[in-house]
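Throughout, a chain's letter reflects where its sequence line sits, starting with A, and its residues are numbered from 1.
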4 protein chains.
Amino acid sequence: MAHRGNRHGRSEEARQAVLEAADDLLAERGFAGVTIEGIAARAGVAKQTIYRWWPSKVDVLLEAFGEDMAQHLTPEDHGDLGTDLRTHLSRLAEFLTGTDPGAVFRALAGQAQHDPQLATRLRDGHLSGQRERDGLPLRWAIERGDLPADLDVGTALDQLVGPVYYRVLVTGTPVTRAFTDDLVDAFLHRHAR
Amino acid sequence: MAHRGNRHGRSEEARQAVLEAADDLLAERGFAGVTIEGIAARAGVAKQTIYRWWPSKVDVLLEAFGEDMAQHLTPEDHGDLGTDLRTHLSRLAEFLTGTDPGAVFRALAGQAQHDPQLATRLRDGHLSGQRERDGLPLRWAIERGDLPADLDVGTALDQLVGPVYYRVLVTGTPVTRAFTDDLVDAFLHRHAR
Amino acid sequence: MAHRGNRHGRSEEARQAVLEAADDLLAERGFAGVTIEGIAARAGVAKQTIYRWWPSKVDVLLEAFGEDMAQHLTPEDHGDLGTDLRTHLSRLAEFLTGTDPGAVFRALAGQAQHDPQLATRLRDGHLSGQRERDGLPLRWAIERGDLPADLDVGTALDQLVGPVYYRVLVTGTPVTRAFTDDLVDAFLHRHAR
Amino acid sequence: MAHRGNRHGRSEEARQAVLEAADDLLAERGFAGVTIEGIAARAGVAKQTIYRWWPSKVDVLLEAFGEDMAQHLTPEDHGDLGTDLRTHLSRLAEFLTGTDPGAVFRALAGQAQHDPQLATRLRDGHLSGQRERDGLPLRWAIERGDLPADLDVGTALDQLVGPVYYRVLVTGTPVTRAFTDDLVDAFLHRHAR
DNA sequence: CATTAAGCGAGACGGTACGTCTCGTCTTTTA
DNA sequence: TAAAAGACGAGACGTACCGTCTCGCTTAATG
């Protein structure tokens with residue numbers, strides 16, 4: 001990579017190369033295979049350039065993760081709660097188990113178990129926003145009068161998405177459409193009028 | 001630790017010292033602070049002694065984890081499904097968030113996201129057995145006729161414990177008794193006769 | 001240093017700041033403590049400004065060294081060989097061991113052991129001229145008829161100043177007036193009539 | 001290099017490989033080309049092994065220099081002061097300008113100008129011993145009665161070897177046999193009876 | 001009762017990656 | 001158009017652990 005010094009600001013070229021290299025390494029060799037040296041070598045970038053802009057390798061991965069979750073997991077309003085939820089949970093399962101950004105997420109979530117700071121940043125930077133999006137179908141239904149206005153949205157979300165994350169992160173069981181549909185059925189059976 | 005050579009069999013003394021040192025280091029410095037060198041130094045044991053008996057540091061932690069989960073999380077039969085489930089989920093929450101073995105479990109679960117082999121061993125060695133125990137209240141209820149005989153126990157467990165693990169591993173939200181009780185209510189509302 | 005862009009030639013201000021900073025750093029932290037980065041920071045000058053005008057840090061030091069040797073070590077003609085030599089050797093010793101430019105010289109002479117190019121430049125730029133000056137008392141004496149016309153001035157100089165440099169650069173022994181006077185005595189004993 | 005751990009003491013094999021690699025690098029690339037990384041790579045040794053046993057690269061070179069000076073520059077007693085001195089000075093010149101250990105010495109002497117600690121160790125470890133050896137012909141002559149008993153041996157040595165070191169380290173002039181012989185002549189002319 | 005062999009502590013070894021430092025090059029903006 | 005600013009690729013620094021390998025001691029069963 002031809003470097004191009006610049007008085008005002010960093011090299012976007014280098015930034016992109018680093019993020020891609022990190023992503024690639026995670027996909028190819030797993031989290032332990034993502035090293036600053038490896039990223040630098042693969043990106044054709046000096047180690048110092050990485051340390052200048054990112055405090056650690058998880059920061060690189062966090063930035064590489066970027067808006068992937070929002071892009072993949074923003075629900076659409078079909079006007080029907082059941083349809084909205086079934087579609088969204090199915091997409092969530094697919095994102096977590098079948099995409100590259102999903103793999104990055106799992107790696108970050110795993111690392112967050114060892115690193116409370118990362119946990120906080122992952123939650124504040126990505127998970128809280130995702131829970132907002134996850135809750136949209138419920139809020140739309142409340143507005144339509146299809147769900148009680150006093151529904152505890154947070155608890156409802158935990159019951160809907162919790163089992164999906166549990167299968168992905170803990171048991172490793174495949175998350176089938178039947179499984180997610182059943183979660184929605186259980187929810188509708190209890191709350192929908 | 002005074003070493004005592006021995007022709008037949010390993011030193012139980014060294015084994016205990018290693019397991020305790022690993023546990024202590026995890027509690028004090030987190031997963032990254034658990035190193036073979038650190039364990040050896042703290043246990044007063046030679047590195048080779050650790051490598052002789054455990055392939056890696058996660059194996060030490062797995063062994064230190066031992067039967068803790070079974071000991072803490074074996075349900076009792078009160079003859080009432082609601083009581084059984086509420087008690088058990090509450091204990092699960094306490095175990096995961098409020099005990100030392102729970103911290104070890106979280107660390108191992110985190111590492112398992114980076115290490116598929118560890119994931120398999122964690123599931124085969126501990127999680128599958130735990131799911132058996134988790135399912136006991138349901139099976140007792142089926143035997144009593146309080147739940148339908150064709151209940152999909154696996155899916156039911158995912159819906160009951162999934163949200164608990166989700167809060168612990170993903171959102172970091174406290175898992176209150178009200179939360180676990182609500183999970184049981186939702187389950188009973190749908191399935192119990 | 002407030003930078004003052006300038007379309008007419010280089011900044012004498014910057015040049016002076018660089019030379020002084022280099023001198024100061026050498027005195028304070030030794031040769032290894034003289035870095036381009038450090039000089040730039042201390043002089044309030046951009047690194048590029050240094051690289052534009054000096055190929056390396058030894059060039060900066062060489063220029064800082066400048067005419068110091070000539071200024072300190074130009075002999076005066078007292079009309080007496082013994083007096084001339086004794087005074088000159090004594091001044092040489094003082095210059096090498098007791099002055100800032102002497103310290104710069106020692107650093108450059110040391111570096112010249114690792115860098116043949118520097119050695120050549122040091123000799124051509126400073127040492128050969130100094131040897132001319134060192135030889136003046138001898139030439140005056142030859143003109144006066146106090147020394148034979150066929151005296152090998154070069155060898156004579158080596159015998160006179162060599163031991164002084166040797167003590168400074170190799171043994172570290174103090175170079176006393178008694179020592180330099182004795183060098184002159186030995187020389188006069190052999191050559192003077 | 002097959003490594004062979006050992007409870008009692010270090011690997012002589014590794015030690016030799018390091019010393020040779022350092023010597024070779026100095027000869028091939030000069031002092032700046034001697035780096036710990038380079039030595040490690042060339043010797044097939046881990047960097048840590050070097051850091052374990054030597055505080056810095058000059059320590060490696062000092063040890064590589066070892067007894068070379070003593071081996072090359074121990075005078076023999078021919079029973080005649082002039083012969084002894086002429087032979088010895090000639091050998092000194094050859095050692096300093098024409099041998100590998102001589103090159104190491106020049107590098108170390110150069111570095112010593114930047115590093116007072118190294119200067120001290122070089123003097124205490126090698127130069128003081130060498131001056132003892134250099135002085136032997138004078139002491140033998142004193143015992144024989146060929147030199148006055150009250151001769152200041154130190155000053156005499158400075159006058160004899162100083163010009164040689166001066167030519168080697170400062171002027172770069174070749175040190176011919178004629179030059180060293182002339183030094184001896186000057187000395188004998190003044191002191192010998 | 002001496003021999004023998006396994007487990008142990010100690011720790012040196014070849015490696016890999018860490019995070020820091022300085023190098024010398026390059027661009028941009030200002031005066 | 002020189003100067004300040006400072007990002008960049010490069011690569012050595014010294015440190016921390018990794019997992020492997022003797023080594024010499026201690027101990028308990030064996031002959």
Side-chain angles (χ1 to χ4, degrees), chain A residues 1-11 13-15 32 34-41 43-53 55-57, chain B residues 1-11 13-14 32 35-38 40-41 43-53 55-57, chain C residues 1-11 13-14 32 35-38 40 43-53 55-57, chain D residues 1-11 13-14 32 34-41 43-53 55-57:
Chain A
M1 230 188 73
H3 75 89
R4 311 186 309 95
N6 178 341
R7 174 166 189 181
H8 293 295
R10 64 197 283 195
S11 158
E13 209 175 348
R15 181 177 160 274
V34 181
T35 65
I36 300 285
E37 301 236 310
I39 296 172
V45 141
K47 280 166 62 181
Q48 187 55 45
T49 297
I50 301 180
Y51 284 110
R52 193 174 355 251
W53 300 111
S56 73
K57 76 175 185 180
Chain B
M1 230 188 74
H3 83 87
R4 306 181 304 93
N6 176 348
R7 178 166 187 183
H8 295 293
R10 66 195 283 191
S11 159
E13 208 176 349
T35 65
I36 298 285
E37 301 237 313
V45 141
K47 279 166 63 181
Q48 187 56 39
T49 298
I50 302 180
Y51 282 110
R52 193 176 352 252
W53 301 110
S56 74
K57 76 174 185 180
Chain C
M1 228 188 77
H3 89 89
R4 307 181 300 93
N6 172 352
R7 51 193 316 170
H8 300 296
R10 71 191 279 194
S11 159
E13 206 175 350
T35 66
I36 299 284
E37 213 116 275
V45 142
K47 281 164 59 181
Q48 187 54 40
T49 300
I50 302 180
Y51 282 110
R52 192 174 351 251
W53 301 110
S56 74
K57 77 175 183 180
Chain D
M1 232 189 70
H3 74 87
R4 312 185 310 96
N6 180 339
R7 175 168 190 183
H8 294 296
R10 61 197 285 193
S11 158
E13 210 175 348
V34 181
T35 65
I36 300 285
E37 299 237 314
I39 295 172
V45 141
K47 279 165 64 180
Q48 188 54 46
T49 298
I50 302 180
Y51 284 111
R52 197 178 348 255
W53 300 110
S56 73
K57 75 175 186 179

Colleague: Please name the pair of heavy atoms, one in D:Ala14 and one in D:Ser11, separated by the smallest distance, quoted to 0.1 Å.
Modeller: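 Shortest heavy-atom separation between D:Ala14 and D:Ser11 comes out as N-OG, 2.9 Å.
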Colleague: Within 45 degrees of the ring normal and closer than 6.0 Å to the centroid, is that where the cationic atom of B:Arg10 sits relative to B:Trp53?
Modeller: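 Pair B:Arg10/B:Trp53 counts as cation-pi.
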Colleague: How long is the line joining CD1 of C:Ile50 and C1' of E:dT25, in whole Å?
Modeller: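 My rounded result for the distance is 14 Å.
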Colleague: Could you state the interatomic distance from CD1 (A:Ile39) to OG1 (A:Thr49), rounded to the nearest 0.5 Å?
Modeller: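 Taking CD1 in A:Ile39 and OG1 in A:Thr49, the distance rounds to 12.5 Å.
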Colleague: For F:dG9, does either OP1 or OP2 sit under 4.0 Å from a side-chain N or O belonging to A:Thr49?
Modeller: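 Yes, within the criterion.
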Colleague: Determine: side-chain N/O of D:Trp53 to OP1/OP2 of E:dC13, distance under 4.0 Å, yes or no.
Modeller: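 Yes, such a contact exists.
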Colleague: Tell me, please, which residues at least two apart from D:Lys57 pass side-chain contact (heavy atoms from CB on, under 4.5 Å).
Modeller: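 D:Lys57 satisfies side-chain contact (heavy atoms from CB on, under 4.5 Å) with D:Phe31, D:Val34, D:Ile36 once adjacent residues are dropped.
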Colleague: Summarise how protein sits on nucleotides 13-18 of chain F as a single string, 5' to 3': B when a protein heavy atom is under 4.0 Å from the base, S for sugar-phosphate-only contact, - for no contact.
Modeller: BBB-SB
Colleague: Counting heavy atoms from C-beta on, name the nucleotide in F:dA7, E:dG7, E:dG15 closest to the side chain of B:Arg52.
Modeller: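 My answer, after comparing the listed nucleotides, is E:dG7.
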Colleague: Do you know which two heavy atoms are closest between B:Ala40 and B:Ala46, and how far apart they sit?
Modeller: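 It is CB-C, 4.3 Å.
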Colleague: Can you list the residues that meet the side-chain contact (heavy atoms from CB on, under 4.5 Å) rule with D:Ser56, with sequence neighbours excluded?
Modeller: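 side-chain contact (heavy atoms from CB on, under 4.5 Å) check on D:Ser56 returns D:Val58, D:Asp59.
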